[in-house]
Amino acid sequence: MSETQSGTQADADAERNIEPDEVLDVKGESCPMPVVKTRQKIDDVESGGVLEVVSTDSGSMSDIKGWASSTDGVELVSQIEDEDEGVYRHLVQKTDD
Amino acid sequence: MTDEADVEELRERVQGLESQVEVADTSEGEADSRSMVIVATQGSLDMAYPPLILASTAAAFDWDVTVFHTFWALDILHEERSKNLKMSSVGNPNMPVPNLVGTLPGMDAVTSKMMRKKIADNDTASVEELIETSLDLGVEFQACQMTIELMDYEEDDFYDGVTVGVGAATALEEMADADIQLLV
């Protein structure tokens, strides 16, 4: 998958169809913890596995995207704003370095 | 005969240069990860945040991060004092306290308490949490030896994992090699 834009139909589809291997709950936490804890948690994910990060920080949309694009070994699969639950959901895949 | 000697000499030079190019190629591959050195000089509650947030985030990017703490910034690494950093009410136009009121006894404690409450209410990470997380992600925190002695601190006063026994020369050497250098 190439560059993803937040909130696209493709993101919504990915969110619906991909079952994450790990889930990281950073609700309530603000910058820089969503990104920092995502980095720590990705160590628990096996190569090819997907981590879902659930955040309430609106800055996490830009921050996790920026982190994923400039960090080796991870790829952003999708980002959606889940308005029903008032959270942002990010799917990050661990790739081979 | 002279020509042959010249050719032989040139061949040796080319071989020498080629091996240097190989070395350069390899080191470029290894230098894929970026590096950042922050020099932290301030020790107030508000000024503890910028270096810690940048350091922990850069470490999340897998950058090689060093934070060199000198003068008041030593308090950020001081296990006990880091939990009780203060803010100044005077001369801080961002605080809702007029300067004259700020000079009253106990006002700094009030201002610091206000800030601490805001930090807690907003679920912003504490200084302690940012330090522990940064250490976990491999950030190198250095405490300036000269200032440690100036402030009469002991090595054991600092968080586990903090490097002591370093000075300006160490900081400069690392800054010269780093991609990003910041003074906070």
Side-chain angles (χ1 to χ4, degrees), chain A residues 3 22-47 49-77 79 85-97, chain B residues 26 28-36 38 40 45-67 76 115-141 159 161 178-180 182 184:
Chain A
E3 178 120 339
E22 296 278 347
V23 177
L24 174 68
D25 181 353
V26 284
K27 290 199 284 285
E29 301 204 48
S30 56
C31 171
M33 299 319 279
V35 163
V36 168
K37 289 196 171 171
T38 301
R39 170 62 190 85
Q40 287 177 313
K41 187 71 183 173
I42 204 82
D43 283 343
D44 297 344
V45 179
E46 287 187 21
S47 185
V50 173
L51 169 68
E52 180 177 52
V53 182
V54 186
S55 172
T56 47
D57 173 23
S58 61
S60 68
M61 291 297 269
S62 171
D63 283 355
I64 294 208
K65 190 177 179 182
W67 169 76
S69 74
S70 57
T71 304
D72 288 339
V74 292
E75 194 173 327
L76 187 64
V77 178
Q79 290 186 299
E85 295 193 36
V87 294
Y88 300 91
R89 296 180 185 278
H90 315 267
L91 289 179
V92 179
Q93 184 168 37
K94 187 164 180 176
T95 57
D96 297 319
D97 279 306
Chain B
T26 331
E28 200 172 300
E30 282 169 5
D32 206 21
S33 169
R34 293 200 172 138
S35 59
M36 175 167 76
I38 300 175
L45 180 57
D46 50 340
M47 290 306 286
Y49 277 88
L52 290 177
I53 289 175
L54 287 174
S56 55
T57 307
F61 278 60
D62 292 333
W63 292 8
D64 193 12
V65 185
T66 299
V67 192
I76 301 170
M115 188 67 196
R116 240 171 248 292
K117 188 174 181 317
K118 272 184 97 70
I119 289 169
D121 289 352
N122 200 42
D123 287 318
T124 300
S126 67
V127 167
E128 188 186 2
E129 187 180 3
L130 284 169
I131 290 177
E132 297 287 6
T133 313
S134 299
L135 283 167
D136 182 55
L137 285 170
V139 171
E140 158 98 352
F141 286 111
Y159 285 89
D179 297 302
I180 296 163
L182 297 172
V184 181

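Labels below follow one simple rule: chain letters A, B, ... track the order of the sequence lines, proteins then strands, and each chain is numbered from 1.
Note that the SG atom of A:Cys31 and the CG atom of B:Asn122 stand 11.0 Å from one another [nearest 0.5 Å]. Separation of atoms CD (A:Gln40) and OG (B:Ser56) is listed at 9.5 Å; rounding is to 0.5 Å.
With sequence neighbours excluded, the residues forming a side-chain contact (heavy atoms from CB on, under 4.5 Å) with A:Lys94 are A:Ile42, A:Val45, listed by chain and number. Remark: B:Asp123 pairs with no residue by the side chain to side chain donor-acceptor pair (under 3.5 Å) rule, at least two apart or across chains. By the side-chain contact (heavy atoms from CB on, under 4.5 Å) test, B:Met47 is found to be paired with B:Gln42, B:Ser44, B:Val184, residues two or more places apart in sequence or in another chain being considered.
The closest side-chain heavy-atom distance from B:Leu137 to A:Val36 is below 4.5 Å. Between A:Met33 and B:Thr133 there is a side-chain heavy-atom pair separated by less than 4.5 Å.
Shortest non-hydrogen contact noted between B:Phe61 and A:Ser70 is CE2-OG, 2.8 Å.
Here the rule is side-chain contact (heavy atoms from CB on, under 4.5 Å) with A:Pro32, and of B:Thr57, B:Leu54, B:Leu52 only B:Thr57 fits it.
Residue-level contacts of residues 124-131 of chain B with chain A, in order of numbering, are B:Thr124, B:Ala125, B:Glu129, B:Leu130; threshold 4.5 Å between heavy atoms.
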